[in-house]
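Heads up: the structure comes next, in structure tokens.
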Amino acid sequence: MSGGDIAGLIAAGVFALLVLLLAVPIVKLGKVFDEVRTAIRSISDGATPLMDEVTATVSTTNQQLKKVDGISSNVSDASANISALSSLVAATVGSPLIKVAAFSYGVRSAFANRRKPAAGRRSR
């Protein structure tokens with residue numbers, strides 16, 4: 001065995017040691033990838049039922065909003081009818097009541113003026 005053969009054996013040993021030292025982080029990285037794959041699978045398995053529940057909730061909410069829309073439409077119609085009814089009552093009852101009040105005020109004023117003596121009046 002010559003010096004070149006011994007140098008070749010030493011170089012091969014150093015190369016094998018280097019490969020072993022680099023294999024440890026690669027094995028650890030493989031375990032990390034396995035954990036990531038497992039985590040992604042569990043998230044995916046949990047997300048599907050969650051999406052189904054969200055879809056059902058949104059569907060139920062839309063149905064309730066349709067009901068609320070119908071209710072608000074009916075309330076709007078009722079308020080318009082009440083407004084029209086109050087206008088009709090004001091026009092039908094209000095105008096004659098104002099006329100009666102004005103007439104009664106005029107009558108009261110006439111009777112009040114009739115009872116008072118005309119002391120402050122002078123004729124020309």
Side-chain angles (χ1 to χ4, degrees):
M1 228 195 263
S2 68
D5 291 340
I6 294 175
L9 284 176
I10 291 174
V14 169
F15 183 73
L17 184 65
L18 181 65
V19 168
L20 286 175
L21 288 176
L22 290 177
V24 173
I26 291 174
V27 169
K28 288 184 180 180
L29 184 63
K31 289 180 182 178
V32 168
F33 284 146
D34 289 340
E35 290 294 323
V36 168
R37 186 175 353 122
T38 305
I40 290 173
R41 184 175 295 133
S42 67
I43 289 172
S44 174
D45 292 343
T48 302
L50 182 63
M51 286 184 203
D52 292 340
E53 289 179 17
V54 168
T55 302
T57 303
V58 168
S59 175
T60 304
T61 303
N62 284 338
Q63 291 173 356
Q64 295 298 324
L65 285 175
K66 287 178 185 177
K67 290 179 183 178
V68 168
D69 187 39
I71 291 170
S72 63
S73 174
N74 290 338
V75 168
S76 174
D77 292 343
S79 65
N81 290 340
I82 290 171
S83 174
L85 182 63
S86 67
S87 298
L88 179 65
V89 167
T92 305
V93 177
S95 179
L97 279 178
I98 292 172
K99 290 179 182 177
V100 167
F103 178 74
S104 66
Y105 177 74
V107 169
R108 278 186 288 141
S109 296
F111 280 130
N113 287 336
R114 192 171 180 204
R115 291 182 190 161
K116 290 182 186 176
R121 292 188 179 177
R122 294 185 195 168
S123 42
R124 290 186 187 182

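All residue numbers in this chain count up from 1 along the given sequence. Since we're looking at a predicted model, the values are computed, not measured. As a basis for the values below, the full set of heavy atoms in this structure was taken, side chains included, without hydrogen atoms, waters or symmetry mates.
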(request) Could you pull out all residues at least two apart from V58 that satisfy side-chain contact (heavy atoms from CB on, under 4.5 Å)? (result) V54, N62
Can you give the donor-acceptor pairs under 3.5 Å from side chains of residues 1-30 to other protein atoms, not counting sequence neighbours?
none

(request) Start with the C-alpha distance between K66 and D69, add both sets of side-chain angles, then the distance that settles side-chain contact (heavy atoms from CB on, under 4.5 Å), and finish with yes or no. (result) CA-CA 5 Å; K66 287 178 185 177; D69 187 39; 5.5 Å; no
(message) Hydrophobic clustering (ILVMFWY, side-chain heavy atoms < 4.5 Å, transitive) - are L97 and Y105 grouped together?
(response) no
(request) Write down the atom of P96, the atom of A91, and the distance for their closest heavy-atom approach. (result) CD-O, 4.3 Å
(request) Compare every heavy atom of S86 with every heavy atom of S83, then report the nearest pair and how far apart it is. (result) O-OG, 2.8 Å
(request) Report the residues that fulfil side chain to side chain donor-acceptor pair (under 3.5 Å) with R108, sequence neighbours left out, ordered by chain and then residue number. (result) none
Interatomic spacing from [atom1] in [X] to [atom2] in [Y] - rounded to 0.5 Å:
{"X": "T57", "Y": "D52", "atom1": "OG1", "atom2": "CG", "value": "10.5 Å"}
{"X": "L50", "Y": "D45", "atom1": "CG", "atom2": "CG", "value": "13.0 Å"}
{"X": "K67", "Y": "I71", "atom1": "NZ", "atom2": "CD1", "value": "8.5 Å"}
{"X": "Q64", "Y": "T61", "atom1": "CD", "atom2": "OG1", "value": "7.5 Å"}

Between [X] (side chain) and [Y] (backbone), is there a donor-acceptor pair under 3.5 Å?
{"X": "S44", "Y": "I40", "answer": "no"}
{"X": "T92", "Y": "V89", "answer": "no"}
{"X": "S79", "Y": "S76", "answer": "yes"}

